[in-house]
Amino acid sequence: MVPPGKKPAGETSNSNKKCKRYFNEHWKEEFTWLEFDYERKLMFCVECRQALVKNKHGKAENAFTVGTDNFQRHALLRHVTSGAHRQALAVNREQVAFESRGHTELSSVLKVEVNPAKVAVLTTVYWMAKEEILDEKCSSLLDLQKFNLCQALLASEHSERYHAGSLRDMQAAMAKVLHNEDRHRIKASPFVGLVVDETVDAMEHRSLAVFSTTVSPCSGQTSATFLGSFELLAGEATTVTGKVGEVLRAFGIPAMKLTWLSAHSASLGAERRSGAGNALSSLCPLLTEMHCLSHGSSLLPTHSSLSIEYLQKYETTVDAIYRLYSSPIGESSGLQELWSVLDLCEIDLGSPRAICWTSIFPAVEAIDSSWPTLVLLLESEAERSPVALGLCQELKKFHFVAFTKILLDVLPIFQKLSRFFQIEDFDLSILKPIVSATATTLQAQKGSSGQNLQEFLSAMTEHPQGKQEGESRLYYKGVELANCSPGHLQHFEHLKDSYLESMRGSLLDRFPSSILEAVSSFSAIFNPKCYPQTLEDIGTYGVSELNFLLQAYSQVVVSERALSDFPLFKRIVFSLSQLSFRDLCVKLVYSSSEMHELFPDFAVLAAIALALPLGSVLAKKISRGRELLKRGRSRCTKDEGLSNLMKIAIDGPAIDEFDFALAIEYYESMRESGFIKTQVK
């Protein structure tokens with residue numbers, strides 16, 4: 001057996017010169033039609049070659065017919081779902097019944113494969129979706145290609161079915177090709193993780209984007225895939241649960257396969273607490289819910305989850321400042337930082353949605369650094385502007401300056417935490433310590449205050465005349481602060497403690513002890529770097545962690561066998577100290593590896609661990625999905641076609657790797673069935 005990545009006897013490089021790839025003998029086990037020519041160093045499809053011999057009029061244009069050195073598993077996946085392969089299967093099985101069916105899929109395949117005009121139209125539509133080009137530009141782009149003498153389009157053989165008015169159907173057909181690959185991937189994966197990401201646009205429309213994480217048993221590699229976006233109706237507490245159920249049914253995900261459900265958004269958190277998570281757990285016995293680790297901004301709690309009165313007042317003040325000075329006028333007044341924050345953080349002041357300024361570190365940082373200039377400007381405008389007068393009075397208050405310093409101490413802590421979760425090969429062993437350390441830091445600031453707040457308190461000076469009417473006259477950077485009486489200072493201490501405790505409580509709610517225990521147990525068993533330094537010390541190592549996992553996943557492992565295998569397993573892992581957590585899990589999940597055969601229960605647990613929704617690839621896809629949902633509302637009314645556009649943009653491969661023949665087959669079938677329905681009506 002040849003492990004993944006090792007060179008077999010018939011090694012050769014991929015035609016893509018950026019990296020070397022090699023034929024994997026174990027692909028033959030999954031794809032029974034696959035053969036490898038060791039002399040020519042090419043792989044080909046037996047079915048397609050046989051069909052070519054039977055069909056004397058056929059052309060050997062299929063790469064798997066003539067032979068290819070594109071040694072990538074996704075190339076095999078695309079071929080097995082391609083129109084050419086399906087046509088070959090039909091020919092080889094002598095499906096002569098198609099002649100009596102009039103308009104069958106096979107006849108569609110035979111028609112569409114030879115028409116380059118149709119491919120030209122679909123490639124244009126596909127490219128537009130990938131590049132986020134407005135649908136209205138399709139006609140002009142096709143005309144431009146004709147002007148540039150695109151022979152396929154000049155032939156004008158694509159008929160009335162292939163025109164700009166049919167974009168939605170073409171996009172749906174191409175999304176169907178990609179979703180077919182998703183189903184194949186999900187079917188092969190031993191376990192699946194789901195990510196549900198809720199967004200709210202400017203018009204308060206709620207949408208749910210769903211992603212999956214899967215594991216390939218033939219390679220052990222993981223994939224993150226966009227499964228679709230759904231509009232959520234207001235006021236329905238069980239909407240998210242229902243949509244997740246629809247996804248499970250649509251993609252044929254068995255309840256026993258779903259092991260992780262990660263959610264992001266304040267309302268999703270509320271729904272989990274109200275019982276939606278329990279409802280899903282009753283359907284999926286292996287399901288573990290956890291906060292979505294792949295979207296860093298979601299680590300900060302929202303206003304609705306922080307019952308602190310002053311927060312709203314602070315937000316209102318900061319919002320008014322940015323609206324007043326984040327303009328060319330503000331830029332000319334020496335407040336360029338405020339102006340640049342809008343571009344840096346992509347803040348739209350024209351949006352009707354409230355902006356959560358207390359969670360945007362650059363915005364708070366700009367307010368802090370611009371504070372003396374802001375006070376001077378507002379003072380100069382106070383006589384002729386009641387708004388400037390009110391803002392000036394608010395900015396001079398001790399509470400405003402001190403709370404700004406608290407935010408400068410707290411926000412970087414969550415920024416650092418979120419960056420850990422976006423590392424591609426995230427070390428799960430540090431999750432529990434880093435969450436615990438963050439909670440401890442927030443707790444410590446309640447007593448000793450953070451660095452910025454301490455420096456502010458030290459920098460304040462008292463007026464030489466001392467106290468007046470029971471209130472201290474304190475100055476900061478030459479500005480006299482208001483509301484500095486002992487009562488105000490005591491009230492601020494209460495505000496500080498309440499805010500820090502709310503942030504700490506929110507963090508611990510997102511990472512409950514049960515989740516931290518599960519993740520740290522996986523790391524203790526499968527991370528060689530966590531093992532003791534000497535063989536003498538591994539005797540009792542990991543026993544409690546393994547028992548925790550065996551109890552949690554008792555339905556898919558044999559506990560007695562796993563406990564019996566554990567001593568040998570630990571000795572082997574100890575000898576593989578150079579491997580990372582992911583590397584070891586991949587070795588175990590890889591179905592043809594010796595470790596997979598030796599330790600079947602640990603292979604199951606490793607597959608569950610690999611399905612955990614983590615990593616930079618998933619994080620980028622989630623962010624991409626949010627951007628597309630945010631902009632897509634203006635392009636697609638009532639979500640019509642938006643999910644298909646997002647699928648192409650997020651998961652669509654390079655244009656030369658997409659199976660347009662199969663997309664045309666689906667498209668023509670859709671149009672044909674639509675035409676028949678119209679005639680019946």
What is the ring orientation for [X] with [Y], classed by angle as parallel under 30°, tilted 30 to 60°, or perpendicular over 60°?
X      : Y      : value
Phe522 : Phe526 : parallel
His179 : Phe251 : perpendicular
Phe602 : Phe566 : parallel

*Do we see a donor-acceptor contact under 3.5 Å between the side chains of Ser506 and Asp509?*
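No, no side-chain donor-acceptor contact under 3.5 Å.
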*Without hydrogens or angle criteria, can the side chains of Thr222 and Arg582 be said to hold a donor-acceptor pair below 3.5 Å?*
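Present: a donor and an acceptor within the cut-off.
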*Report, as yes or no, whether the 6.0 Å neighbourhood of atom CZ on Arg571 holds more than 12 heavy atoms from other residues, nucleotides or ligands.*
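No, the 6.0 Å shell around CZ holds no more than 12 heavy atoms from other groups.
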Rounded at 0.5 Å granularity, tell me how far [atom1] in [X] sits from [atom2] in [Y].
X      : Y      : atom1 : atom2 : answer
Leu417 : Thr438 : CG    : OG1   : 4.5 Å
Leu283 : Leu258 : CG    : CG    : 9.5 Å
Ser223 : Asp182 : OG    : CG    : 9.5 Å

Aromatic ring centroids of [X] and [Y] under 6.0 Å?
X      : Y      : answer
Phe211 : Phe226 : yes
Phe361 : Phe414 : no
Tyr590 : His596 : no

_Can you confirm if the NZ or CZ of Arg78 lies within 45° of the ring axis of Phe658 and under 6.0 Å from the centre of its six-membered ring?_
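No, Arg78 does not lie over the aromatic ring of Phe658.
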_Cation-pi check for Tyr531 against Lys529: NZ or CZ below 6.0 Å from the six-membered ring centre and within 45 degrees of the axis, yes or no?_
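Lys529 over Tyr531 ring: no.
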_Check against salt bridge (charged side-chain N to carboxylate O under 4.0 Å, His left out), Arg624 and Glu132_ = CA-CA 12 Å; Arg624 178 81 165 130; Glu132 293 185 66; 2.6 Å; yes
*Residues Asp69, Arg40: salt bridge by 4.0 Å N-O rule*: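 Salt bridge between Asp69 and Arg40, a charged N being under 4.0 Å from a carboxylate O: no.
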*asked:* Test your reading of the model: is there a side-chain donor-acceptor pair from Ser623 to the backbone of Ala619, 3.5 Å cut-off?
replied: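 Yes: the side chain of Ser623 pairs with the backbone of Ala619.
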